[in-house]
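Heads up, the thing below is written out as structure tokens.
Protein chains get the first letters and strands the later ones, always in sequence-line order, with residue 1 at the start of each. Any value given below was found using the heavy atoms of this structure, including those in side chains, with hydrogens, waters and symmetry copies removed.
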Protein chains: 2
Amino acid sequence: MREATLKDVATRAGVSIRTVSNVVNGYAPVSDALRAKVETALGELDYRPNVIARNLKQGRSGLLGLVVPELDVPYFAELARATIAAGRRHGYTVMVDQTDADPERERELLTRNSRLALFDGLILSPLTLTVQDLRVRGNRAPIVLLGEHLFDGSFSHVAIDNVAAAREATEHLIALGRTRIAAIGDQPYQTGETAQLRTAGYRQALERAGIAYDPRLVRPTERFHRRLGAAAATELMALPSPPDAIFCYNDLLALGALRSLVRAGVRVPDDVAVIGIDGIEEGEFSMPSLSTVAPDKQQIATLAVESLVALIEGTAAPAPAEVRAAHTLLPRESTLGISGLGVSGLGISG
Amino acid sequence: MREATLKDVATRAGVSIRTVSNVVNGYAPVSDALRAKVETALGELDYRPNVIARNLKQGRSGLLGLVVPELDVPYFAELARATIAAGRRHGYTVMVDQTDADPERERELLTRNSRLALFDGLILSPLTLTVQDLRVRGNRAPIVLLGEHLFDGSFSHVAIDNVAAAREATEHLIALGRTRIAAIGDQPYQTGETAQLRTAGYRQALERAGIAYDPRLVRPTERFHRRLGAAAATELMALPSPPDAIFCYNDLLALGALRSLVRAGVRVPDDVAVIGIDGIEEGEFSMPSLSTVAPDKQQIATLAVESLVALIEGTAAPAPAEVRAAHTLLPRESTLGISGLGVSGLGISG
DNA sequence: CTGAAAGCGCTAACAG
DNA sequence: CTGTTAGCGCTTTCAG
């Protein structure tokens, strides 16, 4: 017993298919008499429209896809929330996928037979895609990219100024009087563009303050995860002359570092100040709370959706735009200290 | 200049549409001569298949939808990751949406014209849906529900045993010798089924241990967020006789409570032990780390996808199944204490 | 191995 | 206000 079609309903109600369609979609006015008959038939047959057929006819699905490396990285989860909201404001339904940071899966998205070709447009936060990959893509959906990876100007892009964000984070530490400032999260290879920009910002800040760059204080990490931040912080503290501040390339690294420091009895921020980037909510509730530079996720999402919708609806020339979103320094306890307690930091007490 | 269709390619290559389709899909063998011609035309016209048309013909999209209340609640983000992986193993692409815990949006999902009707099946984690809503739903996609909300046996369901999970968490606190055990997260109204089951488990544990139930120690919260957990913990500590342990209905509440306790100079776990439910990664990195009861998210995702796929592919009778997933107690520092330091807890040190 | 053609279910232009 | 009908672009049966 297959699903009822419009035709089945029309037959049963003794009207034309057109009338049924009108009733279902509330289009043209339908006389009450017919409407009643149709409604009855609709109910009896338990009619549900075939959305795929409708989409085919209309040439659109009303769906936007957001693809991020990892959904359980809070930054991406928070960004997803903002993007879904922005999509709704434009009449689109945003659905989210993740690639597990797997290069092959990133590439799959763009292939001819990707299921995401069914979406009207895609917002991608790529890790390993090359411009080449984007160029030969086999699906037709317009694309907007997130982040500064891939920078050749042939695709629309939304990102914060990563150099400035990193510089401001580092300058905040310098303003606190710190001089041995470590950095966790460098990725000096192919796909580490964002990390490299943050390294550049870090070094700019040091330079401007006349602080010598010490490569031993810069720890690379393959990914931006808590565990790696914790490990790197431990290593740093084992140095002959350990840092008095740590700039982490994202909040997750910073949160990991925070725990390993406090756990080891290091007082934060008295002994070591810590700052991250991302502005995730988790950082408001760590102990101590985490200072951070927060990209305006709301704005990133809005700009990305607007660019994409313009591309889809042809209201913008497909000339790719490089859009810059705002970021804000949010100093909290991990650099300012725990106020209102008359104490100098958090540590282990017996 | 519209997108090239199969027909365009066929015309250009001087072959039939059928042959082009075969080449594109690698179906029936095609002679090398024709294949070459087709490939050329494909390239010249930059052909990309219309996935919607294909789906219409095939009657499926290969897409599964996962809908959760809030993606930036780590439990759901982690569950999403597991579900996406499980979907892939079954040949489906899972895409994720969120409702912002908005009743109206939950209901929208089920309407006749919901865009999610385009998905082959839906996994929903509902908050406010009623069985009635589910019954009159206008879209055709099979549904599997997550969580214990809605319990009338007419829809497939995957959930942990919430009563047992809560009981075990509470028993863990009791085993530590705690007797004034508070609870944060009750929701004594319509849509708070899960919370109510956890309250039941909490009370069972108290009863079995012969500890009197004290309603002042039970704090309701509208949502399961960090901020509310922090506020509730602060209130509890202001009681004439404050608790010596707190069972939070999820990890986010617990993490909020943790911060407010430590921030106030309360030693955790010496003065107050804390435990949550969810087993989110964040709890491994808080200071102190968070004891928790972890639902097996991998298993939940796998079971949900399996049930759904069986429904879609008709390999299972549509007889709804109530599936129970496993959970595990993970004791960590917030109840066991910080080992290896010879100290008794974390606090503020001057 | 390849071509012709039916038709998936729906929308909307065209007629009346 | 309502009926008829031509496709949307693709897959696939049926012939050849």
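Candidate nucleotides dC10(D), dT4(D), dT11(C) were compared by shortest atom distance to the side chain of R18(A), and dT4(D) ranks first. Taking only side-chain atoms of T19(A), from C-beta outward, the nucleotide of dA12(C), dT2(D), dC10(C) with the closest atom is dT2(D). When distances run from any side-chain atom of L56(B) to the nucleotides dT11(C), dT2(D), dG9(C), the shortest one goes to dG9(C). Ranking dT4(D), dT2(C), dT11(D) by closeness to the S16(A) side chain, first place goes to dT4(D). Candidate nucleotides dG3(D), dT2(C), dT11(C) were compared by shortest atom distance to the side chain of V15(A), and dG3(D) ranks first. Listed nucleotides: dA6(D), dT12(D), dG7(C). Nearest to the side chain of K57(A): dA6(D).
R89(B) and T302(B) share a side-chain donor-acceptor pair at under 3.5 Å. Between R54(A) and N113(B), the side chains place a donor N or O and an acceptor N or O closer than 3.5 Å (distance only, hydrogens not considered). Defined by atom type and a distance below 3.5 Å, a donor-acceptor pair is present between the side-chain atoms of D120(A) and S61(A). Using modelled atom types and a 3.5 Å distance limit, the side chains of T99(A) and D102(A) yield no donor-acceptor pair.
Going from atom CG of N55(A) over to atom P of dT11(C) covers 10 Å, rounded to whole Å. As a whole-Å value, the separation of R60(B) CZ from dG9(C) C1' is 18 Å. The CG-P distance, from L6(A) to dG9(C), rounds to 10 Å in whole Å. One can place CG of N113(B) at 14 Å from C1' of dG9(C), the figure rounded to the nearest angstrom. Rounded to whole angstrom, the span from the CZ atom of R54(A) across to the P atom of dG9(D) amounts to 18 Å. Atom pair R112(A):CZ and dG9(D):C1' shows a separation of 15 Å (rounding to whole Å applied). Rounded to whole Å, the distance from CG on D8(A) to P on dC8(C) is 11 Å. Rounded to an integer number of Å, the gap from NZ of K7(B) to P of dA6(C) is 14 Å.
Using a 4.0 Å cut-off, no side-chain N or O of N22(B) falls inside it from OP1 or OP2 of dC1(C). Contact annotation: S31(B) reaches the phosphate of dT2(C) (side-chain N/O to OP1 or OP2, under 4.0 Å).
Nucleotides of DNA chain C nearest to G14(B) and A53(B) differ in position, and the one nearer the 5' end is that of G14(B).
Judged by distance alone, with hydrogens and angles left aside, the side-chain atoms of T83(A) form a donor-acceptor pair with the main-chain N or O of L79(A) at under 3.5 Å.
Residue contacts for N25(B): at a heavy-atom cut-off of 4.0 Å it reaches the sugar-phosphate backbone alone, with no base atom in range. Residue contacts for I17(B): at a heavy-atom cut-off of 4.0 Å it reaches a base atom on one of the strands shown.
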